[in-house]
Amino acid sequence: MSRDYVLQPFSAPVELQIDYARELNEQQHAAVTALPGPSLVIAGAGSGKTRTLTFRVAYLLEQGIPPERILLLTFTNKAAREMMRRISDILGTDITALWGGTFHSIGNRILRRHAGQLGYKPDFTILDREDGKDLLKACMDDAGIDVKATRFPKAEVLNDVFSMAVNTQRTIPQILAEDYTGFEPLVEQIIQIDAQYRKRKQSTNVMDFDDLLVLWLKLLTDFPGVLDVYQRRFQFILVDEYQDTNKLQSDIIDLLGARHHNVMVVGDDSQSIYSWRGANFQNIFEFPKRYPTAKVYKIETNYRSTPEILSLANAAIATNLQQFAKRLVPARKTGPAPALVVCGDAAEQAAFVAQRALELRDEGVSLNDMAVLYRSHFHALELQLELTRRNIPFTITSGIRFFEQAHVKDVAAYLKLVNNPHDELSFKRLVRLLPGVGGKGADKLWHRFLDELTSAEAAFPPGPASEEGAPLPHRPILGAALQACSSAVSKKTVVAWAQFAITMAQLDSEPVASNAAEVIRLAVEASYEDYLKENFPNYRNRLEDLDQLAAFARQFKSAAEFLTQLALLSNIESEDDRPKNNDDEELKLSTIHQAKGLEFSVVFLIMLCDGMFPSSRSLERIENEEEERRLFYVAVTRAKNELYLSYPLIRATAGYGGDMMQQPSRFLRELPAELLNEWNLRSY
């Protein structure tokens with residue numbers, strides 16, 4: 001006779017140092033104290049996502065989970081440091097054994113330990129983006145590819161193609177077919193360059209940033225023993241900003257969590273706005289399908305915004321079909337209703353923002369706590385001009401300043417050379433865009449051009465000015481001077497030089513020469529659009545920038561006046577450029593993408609016209625329109641106390657198209673009228 005007797009595991013009662021019920025609200029507490037197993041935490045905007053995640057880690061540690069058995073993945077080093085600091089402060093203990101960091105930093109740590117299995121040495125070097133481009137150029141040189149002669153994509157474009165392919169796990173032919181159609185005939189050569197690039201990286205013991213994920217996944221996929229080690233090690237996996245993960249990252253998480261299934265991902269599907277850089281919205285949306293036993297926790301109490309702003313935010317996102325149903329609940333007292341400000345044109349919109357910002361400052365709101373948000377860089381052109389005129393200090397947190405971007409400076413060089421044929425910098429900038437012209441060649445051509453220019457000026461003496469003090473009549477001399485330089489260019493440059501001379505002759509003739517908008521439009525059409533496609537991965541956005549630059553130029557009486565304002569605006573410092581002075585107040589100007597994660601007392605959201613926000617390209621596919629609506633939701637939820645939504649009734653267009661009537665953004669039309677307080681502008 002025998003009897004089975006089951007030994008139950010014994011663990012001493014846990015004496016928690018932290019009163020989690022007191023520190024957290026009910027929804028946060030439920031997520032923090034969740035039982036082991038897969039969990040999806042949908043943390044709405046301003047709901048204390050970071051607090052929830054850090055207290056979850058603290059809770060696991062208090063339950064006796066060794067810190068080395070926990071993996072905490074974030075998207076920025078700043079977020080990783082902040083979370084590790086908070087956890088340490090909560091518990092009052094050292095937690096350095098906890099594996100916490102960005103995806104790439106953890107990938108680097110693991111790859112250092114197992115580099116040999118992938119054919120690398122542990123002391124491999126990590127290439128930055130510039131180094132990666134240089135190595136790609138070397139691969140193209142080895143393959144005998146002359147980028148300019150064959151209209152082959154430059155290294156920067158190839159880098160983007162290869163990166164997007166691995167991060168979205170699509171093939172290079174798919175990437176070309178969907179995003180770079182002009183290069184499809186070169187697909188076989190591009191695939192060969194990719195193979196050579198990977199081979200060169202391994203032979204020189206270097207990895208680029210993408211390899212830290214690609215090779216980490218390969219290590220887990222191709223080496224079961226390594227996978228087993230880390231599946232056993234990481235008993236609990238926590239992921240921040242899960243809505244921003246790409247396919248590579250979600251696959252890594254799924255593999256690591258396959259043994260214990262203790263995967264907790266935290267994020268907000270309504271703030272998934274980075275598909276353009278590879279983020280996959282479906283990762284968070286389909287998490288419950290990939291983990292059928294997953295518990296879904298919603299954290300909906302918002303501590304940031306007034307009830308009025310949250311009511312508008314809830315209504316703004318309601319139209320999206322693909323989302324987890326949630327409703328932000330206010331924790332704050334009532335405030336003013338969001339304002340809808342319909343403006344006559346972009347200049348009036350700029351005047352409103354400037355005047356209202358000064359009024360709010362007089363009421364005690366610092367300029368530092370105000371932000372103007374927009375969909376794209378060019379939406380703030382008129383505003384930058386207006387703020388400069390009124391001497392209102394501002395910073396631009398949208399990355400590189402609009403007027404300092406390469407494509408804007410290139411096109412401005414056409415305009416500068418037309419207005420001043422003796423502009424050496426503009427001449428050299430333009431000729432270096434041509435195939436076969438480098439620094440020395442540009443200098444040689446400049447001196448030859450200067451000689452020919454002198455001859456052309458002698459042949460076309462200036463006529464008398466129409467009145468005293470007026471500028472002299474324009475002389476069309478560029479085309480002749482450039483054509484006379486043909487014998488000085490190399491064979492590689494002959495065809496491009498002939499086209500350049502013809503283009504400049506067109507731009508240098510009236511009525512085009514004095515019309516900045518026409519110069520920009522014709523320069524782009526004649527040749528610069530092709531240059532953009534070959535040299536910039538985001539050429540469509542840059543083309544849109546230039547179209548809007550031409551429209552912006554239409555408001556100026558002359559090309560000279562436009563160039564003067566361009567110079568003034570180009571000297572505005574971005575936030576990263578200027579020395580920090582806590583005593584200085586500055587209005588913040590930012591794209592919405594750059595403002596994610598930030599908050600402001602007052603937010604102005606401008607240019608809410610259909611086709612601008614949402615962008616016209618996004619309207620081709622429902623999933624893109626839904627991402628634009630999520631972007632609108634992100635913008636709205638940056639505001640704490642006051643929100644101003646505005647759009648112009650009329651918007652300038654490029655060329656001779658004149659002004660166009662604008663329709664309000666569909667995102668505005670979807671909002672119940674009772675949620676908005678419409679302001680009627682009057683001029684005195």
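Nothing here was measured: the structure is a model prediction, and the numbers come from that model. Numbers here simply count residues along the sequence, with the first being 1. Heavy-atom basis, side chains included; hydrogens, waters and symmetry copies ignored.
Nearest heavy-atom pair, Pro288 versus Val296, reported as atom, atom and distance to 0.1 Å: CG-CG2, 4.3 Å. Shown here for Trp99 and Arg113, the closest heavy-atom pair between the two residues is CZ2-NH2, 3.7 Å. Residue Pro336 comes nearest to Glu642 through the heavy atom pair CG-CG, 3.8 Å, listed as atom of the first residue, atom of the second, then distance. Between Gln235 and Ile65, the shortest heavy-atom distance links the atoms NE2-CD1, 3.9 Å. Residues Pro614 and Ser618 approach most closely at CB-OG, 3.6 Å, considering heavy atoms. For Pro67 against Leu61, the heavy-atom pair with the smallest separation is CA-CD2, 3.6 Å.
Leu217 has its side chain within reach of Leu255: a pair of non-hydrogen atoms, C-beta onward, lies under 4.5 Å apart. With contacts defined as side-chain heavy-atom distances shorter than 4.5 Å, the pair Phe55/His29 does not qualify. Side-chain contact between Asn280 and Thr245: absent, with no pair of heavy atoms (C-beta onward) separated by less than 4.5 Å.
A salt bridge links Asp269 with Lys326: the closest approach of a Lys/Arg side-chain nitrogen to an acidic carboxylate oxygen falls below 4.0 angstrom. A salt bridge links Arg621 with Glu623: the closest approach of a Lys/Arg side-chain nitrogen to an acidic carboxylate oxygen falls below 4.0 angstrom. A salt bridge links Arg629 with Glu625: the distance from a Lys NZ or Arg NE/NH1/NH2 to an Asp or Glu carboxylate oxygen falls below 4.0 Å. Under the 4.0 Å criterion applied to side-chain N and carboxylate O atoms, Arg304 and Glu599 are assigned as salt-bridge partners. A salt bridge is absent between Asp369 and Arg361; no separation between the charged side-chain nitrogens and carboxylate oxygens falls under 4.0 Å. Electrostatic pairing of Arg86 and Glu82 counts as a salt bridge here, judged by a charged N lying under 4.0 Å from a carboxylate O.
Within a 6.0 Å radius of CD in Glu26, no more than 12 heavy atoms belonging to other residues, nucleotides or ligands are found. Tyr291 OH: more than 12 foreign heavy atoms inside a 6.0 Å radius.
Within the cation-pi definition used here (under 6.0 Å to the ring centroid, within 45° of the axis), Arg259 does not qualify as a partner of Tyr230. Annotation: cation-pi geometry not satisfied between Arg69 and Phe234 (NZ/CZ under 6.0 angstrom from ring centroid, within 45° of ring axis). Annotation: cation-pi pair Arg290/Phe287 absent, no NZ/CZ under 6.0 Å from the ring centroid and within 45° of its normal.
Here CD1 of Ile237 is found 11.0 Å from NE2 of His261. Values are rounded to the nearest 0.5 Å.
A donor and an acceptor atom, one from each side chain of Ser601 and Asn641, are located under 3.5 Å apart. No side-chain donor from either of Ser615 and Arg617 sits under 3.5 Å from a side-chain acceptor of the other. With hydrogens and angles left out, the side-chain atoms of Tyr303 and Asn25 include a donor and acceptor closer than 3.5 Å. Side-chain contact, Trp276 with His593: a donor N or O sits under 3.5 Å from an acceptor N or O. Side-chain contact annotation: Glu241 with Tyr274, donor-acceptor N/O pair under 3.5 Å absent. Glu300 and Gln27 share a donor-acceptor pair across their side chains, judged by distance under 3.5 Å alone. Remark: the Asn108 side chain and the Arg112 side chain contain an N/O donor-acceptor pair separated by less than 3.5 Å. Asp210 and Ser163 share a side-chain donor-acceptor pair at under 3.5 Å.
At distances below 3.5 Å, not a single donor-acceptor pair connects side-chain atoms of Thr102 with backbone N or O atoms of Thr76. Of the possible polar contacts, none joining the Glu308 side chain to the Leu675 backbone as a donor-acceptor pair under 3.5 Å is found. Side-chain atoms of Ser250 come within 3.5 Å of backbone atoms of Lys247 as a donor-acceptor pair (strictly under, hydrogens ignored). For Asp208 (side chain) and Leu127 (main-chain N/O), no donor-acceptor pair under 3.5 Å exists by modelled atom type.
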Q: Apply salt bridge (Lys or Arg N to Asp or Glu O under 4.0 Å) to the pair Glu68 and Arg233, showing each step before the final yes or no.
A: CA-CA 8 Å; Glu68 65 271 15; Arg233 172 184 286 274; over 6 Å; no
(Q) Evaluate Leu24 against Arg51 for side chain to side chain contact (heavy atoms under 4.5 Å, CB included), listing each step before the verdict. (A) CA-CA 9 Å; Leu24 305 164; Arg51 185 174 182 80; 4.0 Å; yes
Q: Show your reasoning for whether side chain to side chain contact (heavy atoms under 4.5 Å, CB included) applies to Lys588 and Met370.
A: CA-CA 6 Å; Lys588 301 290 190 299; Met370 302 182 211; over 6 Å; no
Q. Yes or no on salt bridge (Lys or Arg N to Asp or Glu O under 4.0 Å) for Asp244 and Lys596, after CA distance, side-chain angles and deciding distance?
A. CA-CA 12 Å; Asp244 294 334; Lys596 184 175 178 292; 3.8 Å; yes
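Each of Gln28, Lys298, Met264, Lys295 was checked for a side-chain contact (heavy atoms from CB on, under 4.5 Å) with Val41, and the lone residue meeting it is Met264.
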